[in-house]
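To keep things clear, I will list the structure first and then write my remarks on it.
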Amino acid sequence: MKNEMLEEDFEDKVASDIRIEPNDWMPKKYRDTLIRQISQHAHSEIVGMLPERNWIGRAPTLKRKIALLAKVQDEAGHGLYLYSAAETLGTKREVMLDDLHSGKAKYSSIFNYPTLTWADMGAIGWLVDGAAIMNQVPLCRTSYGPYARAMVRVCKEESFHQRQGYEIMIALSKGSKEQKDLAQDALNRWWWPVLMMFGPKDDESPNTELSVRWKIKRFTNDELRQKFVDATVPQAEYLGLTIPDPDLKWNEAKNQYDVGPIDWAEFWDVVNGNGPCSSQRIAARIKAHDDGAWIREAATSYDKKQRTMANSYV
Amino acid sequence: MDTQWTLWEVFIRSKQGLDHKHVGSLHAADATMAIKNARDVYTRRMEGVSIWVVESNLIHASNPEEKDAFFDPANDKIYRHPTFYEVPDTISHI
């Protein structure tokens, strides 16, 4: 088929909600956008384990510890689903990891903030996973088949992540004054970075229009951010905690909350690698990768040896 | 040295009596490791009772660009379906 015909066929499929599969023809820009988005998403899952790992050994009870362990293990799994989905587009695992380690590839800015107290485990589950779910549920219907299928699995598993976080917040906010202060402090520190997780404002997000047309994204950054705020404010009220935004108020006419200005300078600073924990996170990833090198090499040698022995019997 | 392990496709039987279904892929150095990794990646919540792994490069597929021509032979054979044949409403068990 000629290129124009292929392109027309592709646009028709996307328009009529027919999924694009790995061996189907697709525009280069569609492929590149997906590789970038899916690998970033995978990196976020992998780097996202680090702030929580910090508290596994110090979880206050065995119940909290097994929940946190299971959550972190899920995140490793989610990273693997997503790397596999990206590989169906022709990129390689090694290339993606190299790009993460060199700083070329991005991951969610939220994971560059520190986890200072146990309440941060509550705030991360409640807010960070809440925001991630808001973003991921529509991605279950994204136009690229392997990405959509990976997201279905992720969403199924992730709802416990948010619930266990909110349960931690309930326990703290119904506890002693000291505990409630910890919960409020965590909300104060995480609220704005979580709103930034949805990405730049629509008019400053050059990729959004094409991504929406190609149904890679089903909602814009601002739409998702608004949905998140509207869903989260009542949850904060139930906890008796105050959202650190003096301008936050219900807008009767628009039937949604108005929020104060987001500090985009901070967002871009973190995206560009200057977050409080940016270098620490990448250093931890590189160390884990390097420390695992001997295992990868040993497993490869073992496989080679097994194959040689099997062949020598023939 | 090249540390890119072989890519495997993973198939899981969710319960006895059902067929194995493709769930995704993963990297592993050999089949034993692929099965163990598949267990950890794809069955953390009792999603399976049996796992198959197949090296991805051993799978041969029909060409999506030739889909229309390739599946065309079955396209106009409505007489292969039971609704093609008329049977009076009063007749049952058929």
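Just so it is clear, the values below take in all heavy atoms, side chains as well, and ignore hydrogens, waters and symmetry mates. Each chain gets a letter, A, B and so on, in the order the sequences are listed, and its residues count up from 1.
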Checklist line | Portion of A:Glu21 that has a non-hydrogen atom of chain B nearer than 4.5 angstrom | finding: neither

Next item on the list: Using a cut-off of under 4.5 Å on heavy-atom pairs, state which of A:Arg149, A:Glu157, A:His78 scores highest against chain B.
Entry: A:Glu157

Item checked: Donor-acceptor under 3.5 Å (A:Ser84 side chain, B:Ser25 main chain) -> yes

Check: Does atom CH2 of A:Trp25 have more than 12 heavy-atom neighbours, drawn from other residues, nucleotides or ligands, at distances under 6.0 Å?
Finding: yes

Item checked: More than 12 heavy atoms of other groups within 6.0 Å of B:Arg13 CZ -> yes

Note to self: Ignoring hydrogens, what is the shortest heavy-atom contact between A:Thr300 and B:Trp5? Give both atom names and the distance.
What the structure shows: OG1-NE1, 2.9 Å

Item checked: Approximate separation, where rounding is to 0.5 Å, of B:Arg45 CZ and A:Asp74 CG -> 4.0 Å

Check: Between CZ of A:Arg93 and NE2 of B:His27, what distance do you get to the nearest 0.5 Å?
Finding: 4.0 Å

Margin query: Looking at every non-hydrogen atom in both residues, tell me the closest pair between B:Asp30 and A:Tyr302 and how far apart they are.
Written below: OD2-CD2, 3.6 Å

Notebook entry, point to check: What distance do A:Arg153 atom CZ and B:Tyr42 atom OH have between them, rounded to the nearest 0.5 Å?
Noted result: 6.5 Å

Check: Roughly how far, to the nearest 0.5 Å, is the CZ atom of B:Arg44 from the CD atom of A:Gln73?
Finding: 6.0 Å

Next item on the list: Might you confirm whether atom CG of B:Leu58 has over 12 heavy atoms from other residues, nucleotides or ligands at distances under 6.0 Å?
Entry: yes

Margin query: Just checking A:Arg218: does its CZ atom have more than 12 heavy atoms from other residues, nucleotides or ligands closer to it than 6.0 angstrom?
Written below: yes

Note to self: Could you measure the distance from the CD atom of B:Glu47 to the NZ atom of A:Lys156? Nearest 0.5 Å is fine.
What the structure shows: 7.5 Å

Notebook entry, point to check: Got more than 12 heavy atoms from elsewhere within 6.0 Å of NZ, A:Lys104?
Noted result: no

Check: Roughly how far, to the nearest 0.5 Å, is OG1 of B:Thr6 from CG of A:Asp303?
Finding: 6.0 Å

